[in-house]
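Protein chains get the first letters and strands the later ones, always in sequence-line order, with residue 1 at the start of each.
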Amino acid sequence: MSELKQSRPKGTQDFVPPDSERRRQVEAAFRHLAACYGYREIITPTFEHTAVFVKSSGEGSDVVTKEMYSFKDRAERDLTLRPEGTPGVVRAALENRLRLPCRLYYVGPFFRYGRPQKGRFREFGQVGVEALGEASPLVDAEIIYFGADFFRRLGISDCTVQVNSIGCRTCRPAYRETLRKSLFDQKERLCADCLVRLERNPLRVFDCKVETCRQAVQDAPTPRQHLCADCERHHEQVLSALTRRGLRHAANDRLVRGLDYYNRTTFEYLSTSLGAQDSLGGGGRYDYLVEDFGGPPTPGVGVAIGLERTLLAAPVAPAPARRHLAFVIWLTEAERAAAQELADRLRTDGIAAQVDYDARKVKGQFRSADAAEATCCIIIGPDELAKSVYSLKDLATGEQREVASDVLVEAVRALFRD
RNA sequence: GUGAGUGUAGCUCAAAUGGUUAGAGUACCUGACUGUGGCUCAGGAUGCUGUGGGUUCAAUUCCCAUCACUCACCCCA
């Protein structure tokens, strides 16, 4: 393979047709569904002040400590390519003084530094929704259902949902200490990472996959057992709302998630077809985040879904949107201008049209039409010119007939219909 | 950031234990078909074997380094 001067940066990807079209299909499906649930699109910057992420996701979180693309701009401002969606959305909602409650969805690229592997990229596509100002557990349930609905509509059947509650300001501090004590008593079983987590955020030990840590956690009290009355009631209502909808879900006491801003409900969608990165998406409630940004006390809950993983898990790649193209073919130099004029005329009528201006021979033009996956060809030669007609050929069936100029557009549209 | 595996034609892959001119399928181009694609047949073009170094009479093959990709750890989308 001859060496190219430029190659794409590690962890990025090119989407060439038809993959680009498939991806847009999935995005379109998401936009449609989000709109069905009352969400409207918010578009925020791809980079933010670094503090936006540090303050919301947590100084000690892995995302912040080792996965951010941070840089200084020419005026020495600390900026970061967004590693996740929620902080930017909350910041923007406050900055624009959006009236609450408000439901927002987003679609776009996100960035995290890390070794790429199956389903993990440095630049990745993510879609998500955020419900700001809604406190009801029914909203948590609706959002969990929304994600499951999305996957179901894409034909992803092996998706399972795990749900947990990690408590609130009232019950978490006491629980955290109880947990810390329990883990401290068996600290010889913990790995080096978990010893650090024990200090910073003992809940994170639940995420550890090291066998001895898992055992330690097995014997430790779970957040679930230590919820205050309000949290317990909230959680019960979330679960029962899911059950009422017929959404199968599994309780997972160790599901705490890596971002610091979550409280109460956390959830995650898992798929077996993704490899080691088995999470399709996840989310949770964040009732203190808006306040942390200096806004009024405002509850919030949201979900984020990975686009690449969704594409991976979809059993059949979503078909690219049906696309139609008319290819205008000329025979001799004398008809080339006429071909170009016809293409322009068709485009004016909203019909996609293309001409191979370079080809010397008819055969080459037909091949170009095939390569472009055209629906039909319109041939202009001396005979057609003399008779003031066009020869219209359906490339799928091979049928060809002469069509008068004034009914050509209608005839092409008829071919485009199926 | 740590580890393992893999780098040969545009693509998918061959080339016993080092051996002389690196092959096949597919895609591509040309012709059979001087105004008709997809099928068939015939012909044609294509490689600094990822890069740099080393061992050897000889390296696609062995060794070292480096880069890239893949998978896993980690983390999560």
Side-chain angles (χ1 to χ4, degrees), chain A residues 1-4 6-13 16 57 61-68 82-86 106-128 147 191-194 196-197 204 207-210 213 255-259 266 268-271 274-283 302-313 327 329-332 334-335 356 359-385 391-400:
Chain A
M1 196 183 304
S2 67
E3 199 179 333
L4 295 168
Q6 303 296 151
S7 62
R8 80 183 101 88
K10 186 191 280 286
T12 61
Q13 21 177 12
V16 301
S57 304
S61 68
D62 291 277
V63 169
V64 167
T65 53
K66 47 190 198 195
E67 292 181 352
M68 294 207 304
R82 59 182 185 187
E84 51 172 324
T86 308
Y106 59 85
V107 174
F110 292 81
F111 307 83
R112 273 182 217 179
Y113 192 92
R115 276 279 181 94
Q117 71 187 73
K118 186 170 185 175
R120 184 169 74 188
F121 300 90
R122 289 183 174 177
E123 178 179 12
F124 56 98
Q126 191 171 293
V127 299
C191 67
D193 285 342
C194 283
V196 177
R197 290 174 180 139
R204 294 295 317 287
D207 280 337
C208 192
K209 283 164 193 150
V210 175
C213 295
L255 178 62
V256 299
R257 300 188 60 78
L259 288 337
T266 58
E268 197 163 322
Y269 304 94
L270 266 25
S271 166
L274 295 181
Q277 307 300 316
D278 60 355
S279 171
L280 282 167
V303 60
I305 293 166
L307 265 184
E308 288 78 7
R309 293 178 188 183
T310 301
L311 256 355
L312 270 179
F327 216 95
I329 288 175
W330 48 280
L331 291 172
T332 70
E335 294 91 39
D356 182 346
R360 294 255 168 70
K361 295 186 173 178
V362 179
K363 184 171 184 156
Q365 293 185 55
F366 269 95
R367 285 195 179 171
S368 295
D370 272 336
E373 292 171 359
T375 305
C376 63
C377 285
I378 300 166
I379 302 105
I380 310 176
D383 295 353
E384 283 83 356
L385 228 44
S391 290
L392 176 63
K393 180 168 187 171
D394 182 336
L395 282 179
T397 65
E399 285 166 31
Q400 181 171 327

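A77(B) has no base stacking with the ring of F110(A) when judged by centroids under 5.5 angstrom apart and an interplanar angle below 30°.
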Subject >> Intra- and interstrand pairs of RNA chain B - dot-bracket, Watson-Crick/G-U under 3.5 Å, | marks other strand >> reply: (((((((..((((.....[...)))).(((((.......))))).....(((((..]....))))))))))))....

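For K10(A) and C69(B), the shortest distance from a side-chain N or O to OP1 or OP2 is below 4.0 Å.
Remark: the separation of the C1' atoms in C62(B) and U56(B) is 10 Å, to the nearest Å. Atom name P, nucleotides A59(B) and A27(B): the rounded distance is 36 Å, in whole Å. Rounded to a whole angstrom, the distance from the P atom of A9(B) to that of U46(B) is 15 Å. Annotation: U60(B) and A14(B) have their C1' atoms spaced 12 Å apart (nearest Å). As rounded to the nearest Å, U17(B) and U61(B) have C1' atoms that lie 11 Å from one another. Using atom P as the reference point in both U66(B) and U20(B), the two lie 32 Å apart (nearest Å). When the C1' atom is compared between G38(B) and A58(B), the two are found 49 Å apart, to the nearest whole Å. Across U49(B) and U21(B), the matching P atoms stand 14 Å from one another, rounded to whole Å.
I329(A) places its CD1 atom 13 Å from the P atom of G35(B), with the value rounded to the nearest Å. Taking atom OH of Y269(A) as the reference point, atom P of C76(B) lies 18 Å away to the nearest angstrom. In this structure, CD1 of I379(A) is placed 14 Å from P of G35(B), rounded to the nearest angstrom. Spacing between atom CD of E384(A) and atom P of U36(B) amounts to 12 Å, rounded to whole angstrom units. Between the NZ atom of K363(A) and the P atom of C39(B) there is a distance of 11 Å, given to the nearest Å. Rounding to whole angstrom units, CG of residue L270(A) and P of C76(B) are separated by 13 Å. Atoms CG (L392(A)) and P (U36(B)) sit 18 Å apart, rounded to a whole Å. The CZ atom of R122(A) sits 12 Å away from the C1' atom of A68(B) (whole-angstrom rounding).
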Scan nucleotides 70-74 of chain B against the protein and return all N/O pairs shorter than 3.5 Å with their distances rounded to 0.1 Å.
unit_1: C71(B); atom_1: OP2; unit_2: K118(A); atom_2: N; d: 2.9
unit_1: A72(B); atom_1: OP1; unit_2: A276(A); atom_2: N; d: 2.8
unit_1: A72(B); atom_1: OP2; unit_2: Q117(A); atom_2: NE2; d: 3.1
unit_1: C73(B); atom_1: N4; unit_2: R120(A); atom_2: NH2; d: 2.9
unit_1: C74(B); atom_1: N3; unit_2: R120(A); atom_2: NH1; d: 2.6
unit_1: C74(B); atom_1: N3; unit_2: R120(A); atom_2: NH2; d: 3.2
unit_1: C74(B); atom_1: N4; unit_2: Q117(A); atom_2: OE1; d: 3.1
unit_1: C74(B); atom_1: N4; unit_2: R120(A); atom_2: NH1; d: 3.0
unit_1: C74(B); atom_1: N4; unit_2: Q277(A); atom_2: NE2; d: 2.7

Between the protein and nucleotides 28-30 of chain B, are there any N/O to N/O pairs under 3.5 Å, and if so, what are the atom names and distances?
none

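A372(A) comes within contact range of no nucleotide atom at all, as no heavy-atom separation falls under 4.0 Å. As judged by a 4.0 angstrom heavy-atom cut-off over every strand, E335(A) is placed among residues making no nucleic acid contact. Backbone-only contact: G281(A) has heavy atoms under 4.0 Å from sugar-phosphate atoms and none from a base. Using a 4.0 Å heavy-atom criterion, one finds that L307(A) contacts no nucleic acid atom at all. Residue contacts for E84(A): at a heavy-atom cut-off of 4.0 Å it reaches no nucleic acid atom on any strand shown.
Counting atom types as modelled, Q365(A) pairs no side-chain N or O with a base atom of U36(B) as donor and acceptor under 3.5 Å. Counting atom types as modelled, E373(A) pairs no side-chain N or O with a base atom of G38(B) as donor and acceptor under 3.5 Å. Side-chain to base pairing of K393(A) with U36(B): one donor and one acceptor N or O lie within less than 3.5 Å of each other.
Nearer the 5' end of RNA chain B, as judged by each residue's closest nucleotide, is the contact made by Y113(A), out of Y113(A) and D278(A). When the nearest nucleotides of RNA chain B are assigned to R257(A) and D370(A) by heavy-atom distance, the more 5′-ward of the two goes with D370(A).
In this structure, the side chain of E308(A) engages the main chain of G125(A) through a donor-acceptor pair within 3.5 Å. Of the possible polar contacts, one joining the T266(A) side chain to the L255(A) backbone as a donor-acceptor pair under 3.5 Å is found. Between the side chain of R8(A) and the backbone N or O of Q13(A) there is no donor-acceptor pair closer than 3.5 Å. A donor-acceptor pair under 3.5 Å is absent between the side-chain atoms of E67(A) and the main chain of D62(A), judged by distance alone.
With sequence neighbours excluded, no residue satisfies side chain to side chain donor-acceptor pair (under 3.5 Å) with R122(A). The side-chain contact (heavy atoms from CB on, under 4.5 Å) search around L392(A) returns C376(A), I378(A), R401(A), V403(A), A411(A), V412(A), L415(A), not counting sequence neighbours.
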Which donor-acceptor pairs under 3.5 Å do the side chains of residues 106-115 of chain A make with protein atoms, sequence neighbours left out?
unit_1: R112(A); atom_1: NE; unit_2: P83(A); atom_2: O; d: 2.9
unit_1: R112(A); atom_1: NH2; unit_2: P83(A); atom_2: O; d: 2.9

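Counting heavy atoms from C-beta outward, K118(A) and L312(A) have side chains that approach closer than 4.5 Å. Between F327(A) and L395(A), every side-chain heavy-atom pair lies at or beyond the 4.5 Å cut-off. In this structure, I379(A) and F366(A) have side chains that are in contact, with non-hydrogen atoms separated by less than 4.5 Å. Contact check for R309(A) versus S271(A): no side-chain heavy atoms found under the 4.5 Å cut-off.
Separation of atoms CG (L274(A)) and OH (Y269(A)) is listed at 14.5 Å; rounding is to 0.5 Å.
The side chain of D383(A) approaches G35(B) more closely than any other nucleotide in the set A32(B), G35(B), A68(B). Of the candidates G37(B), G35(B), C76(B), G37(B) carries the atom nearest the F366(A) side chain, counting heavy atoms from C-beta on.
When only modelled atom types and interatomic distance are considered, E335(A) and T332(A) share a side-chain donor-acceptor pair under 3.5 Å.
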